[in-house]
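Below, all heavy atoms of this structure are taken into account, side chains as well, without hydrogens, waters or symmetry copies. These numbers come from a predicted model, not from an experiment.
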Amino acid sequence: MWTNWSGALQSRPRATDRPLDEAGVAAAVRRAAARGLRIRPVGTGHSWSPLAVTGDVQLDCRALTGVVTVAGDRVRVRAGATLESLYAELAEHGRTLAVIPDAGGLTVAGAIGTGTHSSGAATGSLSAQVTGARMVDGTGSVRWVEGPDLDAVRTGLGALGVLTEVELRTVPMRLLQVHEDSGDPTELLADGGMLDAHAWTEVVLHLPSREALARWGDPVEPGLERESGRRDLVRAAAAGSAEALGRVVSRLTPTLRRTARWGGSVTGPAYRVLIDRRPVRGEAAEWALPRERLGPALRELGAAAAARRIELRSPVLVRVGPAETGWLHPAWGRATAWVALRGLRGADPGPLFALAGAVLTDAGGRPHWAGRHEWTLAEVALAYPRLADFQAARDRFDPDRRFACDHLDALLGP
């Protein structure tokens, strides 16, 4: 039996293949086709949506690891490698990726296929860094994908084939200095404000109390680190005492206090600083909103939850990103604000996630494909103008729907 990372999703596939290389992937796809079975790729299972759930064949691609080449501003990496291992190997070459998601355990293929992002108004998702890809299609043939088809593969949901190797754009590695401090949420979330002013930013917001914790970071040269401009929360956190932090911002206890990460200000390689070493295994949902709708949507969500007596104990995480070109990327075509919600372990997050889905969909939101959501083809067709282009690519890459599953049937149709 397979379970995802949080333990909430389970499946009992008829068979599990664990190929060691690309030839093994192609052979597994051909075997499934010969038996009339569908096949779903799976990595480390960090998705909260049932994209990898199948009763037929599950393809565990975690053995497809390692960097193939680093040349100029490009890296070619096998698709089963984790992001953290990729960053570590790139660092040996003085390179990195422009985007650093906070979860280092994701596989390259899983992160690209679901539109995984970091936070920065000028920094696209991992999908946006893709310049080429090798994949096994629904006939068991190997393709090198580039040009217009890349916008189908970017956030392909595993519906087109199995990624085996990906070429990504890299940038020179630099130190990143990050800070965290409390602030006024209206100012922090304002269009053109703090969220848009730094290389990396995010805001942790407790909606009932309107308390907010801001985090931001910018590249620095060694020896030129600056102290944080604001000192109240920084002093408390730097003392290394949760109790001191709680005294400074008493109303944050026990919500935002637990989210402090760096003790005010930290400098280091971005992949070491930004990857969260204390991941939470509860359920999660995330929505991509038009950037200008962020403030009103969060106010509406807070008011709706209060009116329905739905408790918002966990703070929401707010991040930003630019418009994306991937046809099914949630940030397609528009500057985006990302709103992530967490459900507490042992509690049913269904009512909260359903309410958030309704409110944020009305605000023009699209769900992150790896989070929990209830969208079907009707909502997808309205929200994604390039869906027909994606479906045409799917017809070419997987005409027999070898990579389909119940969840994809609901999202994309048969």
Side-chain angles (χ1 to χ4, degrees), residues 1-12 40 42 44-55 102-103 106 110 114-117 157 204-209 254-256 258-259 279-289 293-294 296-319 328 330 337-383 405-412:
M1 183 177 72
W2 174 86
T3 61
N4 73 327
W5 184 71
S6 71
L9 295 174
Q10 299 178 349
S11 67
R12 296 182 181 275
R40 288 300 296 161
V42 63
T44 52
H46 274 256
S47 177
W48 291 273
S49 70
L51 282 168
V53 172
T54 181
D102 60 6
L106 306 176
T114 57
T116 296
H117 59 93
L157 306 182
V204 183
L205 174 64
H206 186 234
L207 283 172
S209 67
T255 53
L256 296 193
R258 296 175 179 169
T259 71
V280 178
R281 287 181 181 260
E283 293 299 287
E286 186 168 25
W287 292 81
L289 306 178
R293 300 293 301 276
L294 173 62
L298 288 178
R299 288 192 293 272
E300 173 61 24
L301 177 58
R308 290 160 180 79
R309 298 185 179 180
I310 295 177
E311 191 173 14
L312 283 163
R313 291 177 59 191
S314 295
V316 300
L317 177 62
V318 180
R319 295 174 284 187
L328 291 188
W338 298 90
V339 176
L341 302 97
R342 292 272 185 184
L344 297 176
R345 294 195 73 179
D348 178 15
L352 170 60
F353 287 175
L355 175 65
V359 171
L360 300 180
T361 295
D362 285 347
R366 302 166 179 151
H368 191 304
W369 298 119
R372 278 186 49 170
H373 64 87
E374 301 297 330
W375 271 31
T376 63
L377 178 60
E379 289 85 7
V380 175
L382 287 174
C405 63
D406 291 347
H407 187 57
L408 279 182
D409 287 346
L411 288 177
L412 303 177

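Heavy-atom minimum distance, S49 versus G371: CB-O, 3.4 Å. The two residues L289 and A297 come nearest to each other via the heavy atoms CD1-CB, 3.8 Å. Nearest heavy atoms, W338 versus A288: CZ3-CB, 3.6 Å. Of all non-hydrogen atoms in G350 and R372, the two that sit nearest each other are CA-NH2, 3.9 Å. For the residue pair F353 and G343, the shortest heavy atom distance occurs at CZ-N, 3.8 Å. Minimum heavy-atom separation, T54 to R40: CB-CG, 3.9 Å.
Distance check, rounded to the nearest 0.5 Å: CH2 of W369 to NE2 of H407 gives 7.5 Å. Separation of atoms CG (L352) and CD (E283) is listed at 12.0 Å; rounding is to 0.5 Å.
The side chain to side chain donor-acceptor pair (under 3.5 Å) pairs that include a residue from residues 354-366 are T361-W375, where partners are two or more places apart or lie in different chains. Evaluation of the side chain to side chain donor-acceptor pair (under 3.5 Å) test over residues 298-312, restricted to residues two or more places apart or in two chains, returns none.
Counting heavy atoms from C-beta outward, H117 and H368 have side chains that approach closer than 4.5 Å. With contacts defined as side-chain heavy-atom distances shorter than 4.5 Å, the pair H373/L411 qualifies. L312 places none of its side-chain heavy atoms less than 4.5 Å from the side chain of I310. Side-chain atoms of L106 and T114, non-hydrogen and from C-beta on, never get closer than 4.5 Å to each other.
Taking the salt bridge (charged side-chain N to carboxylate O under 4.0 Å, His left out) definition, one finds that D406 meets it with R38, sequence neighbours left out.
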